[in-house]
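The structure appears right after this line, and notes come after that.
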Amino acid sequence: MQKQKDQIMNLKASNELLENYFSNTIIPQLFVDADLILRKFTPPAMKQFSLKEDFIGKSMEDIRENFRFPTIIDNIHTVIATGKILEKEVQTTDRHWYQMNILPYIKKANNKANGVIITFVDITPRIRDLKEQEKMVAEQELLLDTIAHDIKNPLLAQTLTFELMKRLPEATSGELSKLIAGLERSLHNIKEVIDGLVSSHWDKQRHEASEELLDFESILEDVRLSLAIPIQENGAIITTSINFSEFKFIRRKLRSILYNLISNAIKYTPSERNPEINVATESHDNLLLIKITDNGIGLSDDAKKSIFEKFKRVEKSVEGTGVGLYLVYAMVTNHGGKIEIDSELGKGSLFKVFIPLNSV
Ligand code: ADP
């Protein structure tokens, strides 16, 4: 009898402890059982996801909208099925970024997941800093690339002319030969400086960008939010057919690819019609295919061949720099991918981005 009483007291004490922990933690946290029923949540979770007391006992399916990111239910199912922790960065549609951890709640008796504990850590400030850094890195990459192409090539031409000059009879003696020797040294120095700058910086940056498990829908949402103003001003309608959402890739690059292609799809639609854009994904034989369709001005066969060149612009009545597609092309081809365009002038375009999944 006493033993039972003690057990009840112990249970009460640990329950109180748990309750105390739950009402005082500053971390948004949820308990969801194996039938996807929401069992408990912390006050910060309540505030962050606008949860109400009477949501306890409801299925997560019925309140999934509150969490504002698409794959939460699928992710819970995966953790329950595998019993393995899932960690990923997600963005809610109100532009907050979270490190989301879904931990299986293992029942000792049968060693099976009896539910999950979901924790969200707000990483919005960190992601904001990261975005700033990414922007700086992208600008630097572009600058270095410009040096590589735009200075190296004329420098090469100069070196060749110089070699011819050296062969002239007048160049072999007197003052001229001294001047030529000086010029040769300085040409050599410039070449060394540029080579060093370009190769070491490129290598460093390439290593810094690391791949991670991404959720395509979250990143698309992020891009959509960054383009909220042009979308609204042009009355753009973006529909999606996402058949493949989770894969490993470099976050900044995927965001940049989508951002450039979608912003172009809006920019290059005549003002008399609303841009209608469809973003679709599928995967075939280890190849990810992203398709972006628009009802814009379209591209001629000649334009299709040249728009990936740097500074190339076809339609000049709209503001632009001509580097967006050049960067997209570089990011895709550096990963062993390719881009194809189907287009009809006056009707619209379809940009198909192929990315091999085993190499990313
Ligand atoms: P920018 O938009 O800054 O000019 P981009 O490199 O993104 O530079 O695009 C290069 C050119 O390709 C654009 O100037 C435009 O003429 C053409 N273009 C890009 N996307 C589209 C599209 N979706 N529909 C029609 N033309 C496009």
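For the single chain, residues carry numbers from 1 onward in sequence order. Start at 1 and go down the list; that is how both ligands and their atoms are numbered.
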Just need the protein heavy atom nearest to [atom], so name the residue and atom and give the distance.
atom: atom 10 (C) of ligand 1; answer: K312 O, 3.2 Å
atom: atom 3 (O) of ligand 1; answer: T321 N, 2.7 Å
atom: atom 6 (O) of ligand 1; answer: L325 N, 2.8 Å
atom: atom 2 (O) of ligand 1; answer: Y268 OH, 2.7 Å
atom: atom 17 (C) of ligand 1; answer: I307 CG2, 3.9 Å
atom: atom 4 (O) of ligand 1; answer: R313 NE, 2.6 Å

- prompt: Do NZ/NE/NH1/NH2 and the carboxylate oxygens of E246 and K88 come within less than 4.0 Å?
  reply: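 Result for this pair is yes, salt bridge flagged.
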Output the list of atoms in ligand 1 that are nearer than 4.0 Å to some heavy atom of [X], sorted by atom number.
X: K267; result: 1 (P), 2 (O), 3 (O)
X: V314; result: 14 (O), 16 (O)
X: I297; result: 25 (C)
X: E315; result: 16 (O)
X: G298; result: 25 (C)

- prompt: Does ligand 1 have a heavy atom under 4.0 Å from the side chain of N260, from its backbone, from both, or from neither?
  reply: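 Answer for N260: neither.
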task: Examine ligand 1 and decide if any of its atoms is less than 4.0 Å from a heavy atom belonging to S263.
output: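 Distance cut 4.0 Å: S263 fails for ligand 1.
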- prompt: With a 4.0 Å cut-off on heavy atoms, does F308 reach ligand 1?
  reply: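 Heavy atoms of F308 never come under 4.0 Å of ligand 1.
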field: F41-F55 aromatic ring centre distance below 6.0 Å
entry: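 Centroid separation for F41 and F55: 6.0 Å or greater.
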- prompt: Ring centroid separation for F249 and H335, is it under 6.0 angstrom?
  reply: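 Judged by ring-centre distance (under 6.0 Å), F249 and H335 do meet the cut-off.
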message: Minimum distance, heavy atoms only, to atom 7 (O) of ligand 1: which one of N264, T293, L261, L345 is it?
response: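 Among N264, T293, L261, L345, the closest heavy atom to atom 7 (O) of ligand 1 comes from N264.
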- prompt: Checking salt bridge (Lys or Arg N to Asp or Glu O under 4.0 Å) against D33, which of K40, K58, R39 comes through?
  reply: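 That would be R39.
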- prompt: Got a sec, which residues hit side chain to side chain donor-acceptor pair (under 3.5 Å) with E87, two or more places apart in sequence or on another chain?
  reply: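 Per chain and number, E87 pairs via side chain to side chain donor-acceptor pair (under 3.5 Å) with no residue.
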field: Residues in ring-ring contact (aromatic ring centres under 6.0 Å, His included) contact with F31, at least two apart in sequence or another chain
entry: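 Per chain and number, F31 pairs via ring-ring contact (aromatic ring centres under 6.0 Å, His included) with F22.
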